[in-house]
Engineer: 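Below: one structure in structure tokens.
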There are 2 protein chains.
Amino acid sequence: MATIYEVSKLAGVSLATVSRVMNNNANVSDATRKKVTLAMEELGYRPNSIAQSLASNCSNSAGLLVSELKGPFYGPMMSGIENTLRKQGKHVIITAGHSDAEREQQGIEFLISRNCDALILHVEAVSDEYLIKLSKGKTPFVLLNRHIPELADRCIILDNIKGGYLATKYILESGHKNIAYISGPLWKKDAQERLNGHKQALAEHDIEFDENSLYEGDFIEDSGYEGFTALYKKNPAITALVCANDEMATGAMVSAREHGIELPAQLSIIGYDNVFFTRHVYPPLSTINYPIDEMGKVAAQWVLSHVYQKSVQPIQTLFQPELVIRQSVVNIT
Amino acid sequence: MATIYEVSKLAGVSLATVSRVMNNNANVSDATRKKVTLAMEELGYRPNSIAQSLASNCSNSAGLLVSELKGPFYGPMMSGIENTLRKQGKHVIITAGHSDAEREQQGIEFLISRNCDALILHVEAVSDEYLIKLSKGKTPFVLLNRHIPELADRCIILDNIKGGYLATKYILESGHKNIAYISGPLWKKDAQERLNGHKQALAEHDIEFDENSLYEGDFIEDSGYEGFTALYKKNPAITALVCANDEMATGAMVSAREHGIELPAQLSIIGYDNVFFTRHVYPPLSTINYPIDEMGKVAAQWVLSHVYQKSVQPIQTLFQPELVIRQSVVNIT
DNA sequence: CTGTTAGCGCCTTCAG
DNA sequence: CTGAAGGCGCTAACAG
């Protein structure tokens, strides 16, 4: 790899001049600029961004931490972020936290140690205190899907309580009274909030929440399968199931079919997230829309304006969930 | 951020010694080691991996280029790679090429300029020549899903011809004779190969391939929708459709239903890739398994052994596709 | 076992 | 408009 030094020699100028044409910064005469450009081409020169980063303390890249690299939820999120950042010539360094406090911390530290100019974090396990401490550090960050009062202006979130409420309300208005619920891991705030929304809707319709009709899953398909199996055993009379995400809903569907239950006629199911494949499962799954790609874009824009343009514009931090009606819920009134 | 210098001062030792305990390399007495460790903790010291990378010419991270960050195909691939690398303390820097030659090149150059120790590339648009030239450079790389004879030992591929063959063979053996095909973009080699496999199976059964029953899609769902719409218009008598990937197959299903076609009774469909949601569409989609997660792991292992352990072990480069039978294909003999 | 001394490749004042 | 010089934080011989 050619270095700036070789370029400068070939062009017959100083290091500083080469540096200047690279960052087409200061005034450089057209003549010398041309000389340098030619020399760079001749040598196939590529700037070493590591060295740039060390010297300038700016890496032109943002760090992104997601819980998983796979799964239908994170793909659109990463993609939305990468696209908007890339358009401005910024890069993204992605790493996974696996919903584990230690791995999330490691990931964050890795990104910081890589000189990321800013961080976009979808963290679940790490504590509020840790993040507040982190916010005192020099690397700015936004939080996706997590609300911390002290950091409210950089928390881009969905109103999960409302989402949970909307889902169950729709089920109730379709005449169901015998309703089971498969939640996410309840140590996760969003899982908790969705469940709270559910309870709220129930209360509004004077239906008492029954612990026996709750199964705590882990947002993964299999737990939906196991959840329905368990729930059905306890109470075969349920006519509707609300799931805290779409993947568990599809898992539940598999179990329901194995029990000889006809969908949606004998069992209504609703999911959450509106992940892309929900249109294609059978029956097409009604769900709650989570505009994660858009939220990712907002996060990216925050980075762009806040870090690179130094113009601190307020951003939309609260997004609204929406009911998406397809065919998995049946009216039994 | 504390630097190595401050640590050395606090511990009362030299820079070199601090560096040594960090890389627990050379012999350091337990006493001084303890002093240094304490000093590091007290200062909350974190090594700056950018500086390490610049000085040691080793970044402990591999670059990964995929076509898209979203989509059911790349998720498992990224995840498989990240997991196996992470276990050895290596990190992954991911970027997207969007199946565009220029963006793929940019991505590769970014990864190289970031001092990645090795690259794992899923590139589609960039030329063979470019990659061959790249192979002369100092950053080693493996190729995923691309075969270049000159670089055969670092190409981890699936036998796509065979996969295409298996899919159509299964359709033919189910008694279908009036078969349409939705391909991927034919400038992509894998799309071409899958189609060739299709033709080969047809030939074996003495069925002539008809250009009119081919629609060139782009591996994205919508093109499956449009593809079937166009194909059906030309020939409403088709009884089977083979698609070059699962996403187009699900798109085709939507169109078929809109035409009042009952699935699978009136139209058999087979996909390709065995992406995770194929089990959940209706009818559950028969397809060809593409062990992409495993192939990703092999790529990661290549990096681990080849670059970090300097033990050049040969790896499995050719993987076999397998027919996955579900319920979207019906026997009409 | 430990300290000294050069760099890694680039940016950034500061003079000129 | 251009060059010289110092430094970003760390590693890696080489001495001692």
Side-chain angles (χ1 to χ4, degrees), chain A residues 1-37 39-40 43-61 109-117 137-139, chain B residues 1-37 39-40 43-61 109-117 137-139:
Chain A
M1 272 290 101
T3 75
I4 203 179
Y5 175 69
E6 305 173 38
V7 175
S8 76
K9 267 205 326 200
L10 207 170
V13 298
S14 75
L15 297 180
T17 305
V18 178
S19 176
R20 284 190 190 102
V21 342
M22 282 181 49
N23 307 301
N24 50 352
N25 254 0
N27 308 322
V28 182
S29 75
D30 278 1
T32 55
R33 164 158 317 207
K34 199 151 292 171
K35 274 195 298 186
V36 173
T37 314
M40 295 202 301
L43 293 170
Y45 171 76
R46 305 271 157 230
N48 178 327
S49 64
I50 288 288
Q52 287 181 315
S53 169
L54 185 62
S56 70
N57 204 23
C58 167
S59 62
N60 282 309
S61 56
E109 282 170 11
F110 168 71
L111 294 172
I112 291 179
S113 80
R114 283 255 130 197
N115 255 14
C116 286
D117 300 325
K138 80 173 223 303
T139 308
Chain B
M1 271 291 102
T3 73
I4 202 178
Y5 175 70
E6 305 173 38
V7 175
S8 75
K9 267 203 327 201
L10 208 171
V13 298
S14 75
L15 296 180
T17 305
V18 178
S19 176
R20 283 188 190 104
V21 343
M22 283 179 49
N23 307 301
N24 50 353
N25 255 2
N27 308 323
V28 183
S29 76
D30 278 1
T32 54
R33 165 159 316 209
K34 198 151 292 171
K35 275 194 298 187
V36 174
T37 313
M40 296 202 303
L43 294 170
Y45 171 75
R46 304 270 160 233
N48 177 326
S49 63
I50 288 288
Q52 287 180 315
S53 170
L54 184 61
S56 69
N57 203 23
C58 167
S59 62
N60 282 311
S61 57
E109 280 170 12
F110 169 72
L111 294 172
I112 291 178
S113 81
R114 284 254 126 197
N115 254 16
C116 286
D117 300 326
K138 81 173 223 302
T139 309

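We name chains A, B, ... by the order of the sequence lines, and we start the count at 1 in each one.
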Engineer: Let's see if you can work this out: which of D:dA4, C:dT12, D:dT11 has an atom nearest to the side-chain heavy atoms of A:Ser19?
Structural biologist: C:dT12
Engineer: Using the side-chain hydrogen bond (donor to acceptor under 3.5 Å, both in side chains) rule, take A:Ser49 and B:Ser113 through it: C-alpha gap first, then chi angles, then the decisive distance, then the call.
Structural biologist: CA-CA 5 Å; A:Ser49 64; B:Ser113 81; 3.0 Å; yes
Engineer: Check the distance between C:dC11's P and A:Tyr5's OH and give it to me in whole angstrom.
Structural biologist: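 Interatomic distance, OH of A:Tyr5 to P of C:dC11: 17 Å.
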Engineer: For A:Lys9 and C:dG9, give me the distance from atom NZ to atom C1', rounded to whole Å.
Structural biologist: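 In whole Å, C:dG9 C1' lies 15 Å from A:Lys9 NZ.
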Engineer: Could you grab the distance from atom OG1 of A:Thr139 to atom CG of A:Leu111, nearest 0.5 Å is fine?
Structural biologist: 9.5 Å
Engineer: Measuring from the side chain of A:Gln52 (C-beta onward, heavy atoms only), which nucleotide among D:dG9, D:dG3, C:dC11 has the closest atom?
Structural biologist: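 Selected nucleotide (nearest to the side chain): C:dC11.
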Engineer: When you get a sec, tell me which of C:dC8, D:dC1, D:dT11 is the closest nucleotide to the side chain of A:Ser29?
Structural biologist: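 So the side chain of A:Ser29 is nearest to D:dC1.
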Engineer: Less than 3.5 Å between a donor and an acceptor, one on the side chain of B:Arg20 and one on the base of C:dG3, is that the case here?
Structural biologist: yes
Engineer: Students often get this wrong, so: under 4.0 angstrom with heavy atoms, is A:Val13 touching a base, only sugar-phosphate, or nothing?
Structural biologist: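 Sugar-phosphate only.
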Engineer: Can you tell me if A:Ser14 touches the phosphate of D:dG3, counting only side-chain N or O atoms and a distance under 4.0 Å to OP1 or OP2?
Structural biologist: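 So the side chain of A:Ser14 is within the cut-off, an N or O lying under 4.0 Å from OP1 or OP2 of D:dG3.
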Engineer: Could you tell me whether a side-chain N or O of A:Asp117 sits under 3.5 Å from a main-chain N or O of A:Asn60, the two making a donor and an acceptor?
Structural biologist: yes
Engineer: To the nearest angstrom, how far is B:Arg33 atom CZ from C:dC1 atom P?
Structural biologist: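 So the two atoms are 10 Å apart, to the nearest Å.
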Engineer: What integer distance in Å separates B:Asn48:CG from D:dC8:C1'?
Structural biologist: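 One finds 8 Å between C1' of D:dC8 and CG of B:Asn48, rounded.
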Engineer: Looking only at heavy atoms, what is the nearest atom pair of B:Lys35 and B:Val13, with distance?
Structural biologist: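 Closest approach of B:Lys35 to B:Val13, heavy atoms only: NZ-CG1, 4.3 Å.
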Engineer: Taking atom P of C:dG7 as reference, at what distance in whole Å does atom CD1 of A:Ile4 sit?
Structural biologist: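 Checked: the CD1 to P distance equals 18 Å.
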Engineer: Less than 4.0 angstrom between a side-chain N/O of A:Thr3 and OP1 or OP2 of C:dG9, yes or no?
Structural biologist: no
Engineer: May I have the distance from B:Arg114 (atom CZ) to C:dC8 (atom C1'), rounded to whole angstrom?
Structural biologist: 15 Å
Engineer: Between C:dG9, D:dT2, C:dC11, which nucleotide has the shortest distance from any of its atoms to the side chain of A:Val28?
Structural biologist: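 In terms of side-chain proximity for A:Val28, the closest of C:dG9, D:dT2, C:dC11 is D:dT2.
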Engineer: Both B:Leu54 and B:Ala31 contact DNA chain C. Which one's nearest nucleotide lies toward the 5' end?
Structural biologist: B:Ala31
Engineer: Counting side-chain heavy atoms from C-beta on, which of C:dT2, C:dG7, C:dC10 comes nearest to A:Ala55?
Structural biologist: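 The answer is C:dC10.
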Engineer: How many Å lie between CE on A:Met22 and C1' on C:dG9, as a whole number?
Structural biologist: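 Interatomic distance, CE of A:Met22 to C1' of C:dG9: 10 Å.
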Engineer: Pick base, sugar-phosphate or nothing for B:Asn57, based on heavy-atom distances below 4.0 Å to the nucleic acid.
Structural biologist: nothing
Engineer: Would you mind reporting whether A:Met40 and A:Arg46 have side-chain heavy atoms less than 4.5 Å apart?
Structural biologist: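 No; the side chains remain at least 4.5 Å from each other.
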Engineer: Compare the minimum distances between each of C:dC10, C:dG3, D:dT11 and the side chain of A:Tyr45, then state the nucleotide with the smallest one.
Structural biologist: C:dC10
Engineer: What is the nucleic acid contact for A:Ser53, judged by heavy atoms within less than 4.0 Å: base, sugar-phosphate only, or nothing?
Structural biologist: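 Contact class for A:Ser53: none.
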Engineer: Indicate yes or no: at least one non-hydrogen side-chain atom of A:Met22 is less than 4.5 angstrom from one of A:Thr37.
Structural biologist: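 A:Met22 does not reach A:Thr37 side chain to side chain.
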Engineer: Using whole Å, report how far NZ of A:Lys34 lies from P of D:dC1.
Structural biologist: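 In whole Å, D:dC1 P and A:Lys34 NZ are 15 Å from each other.
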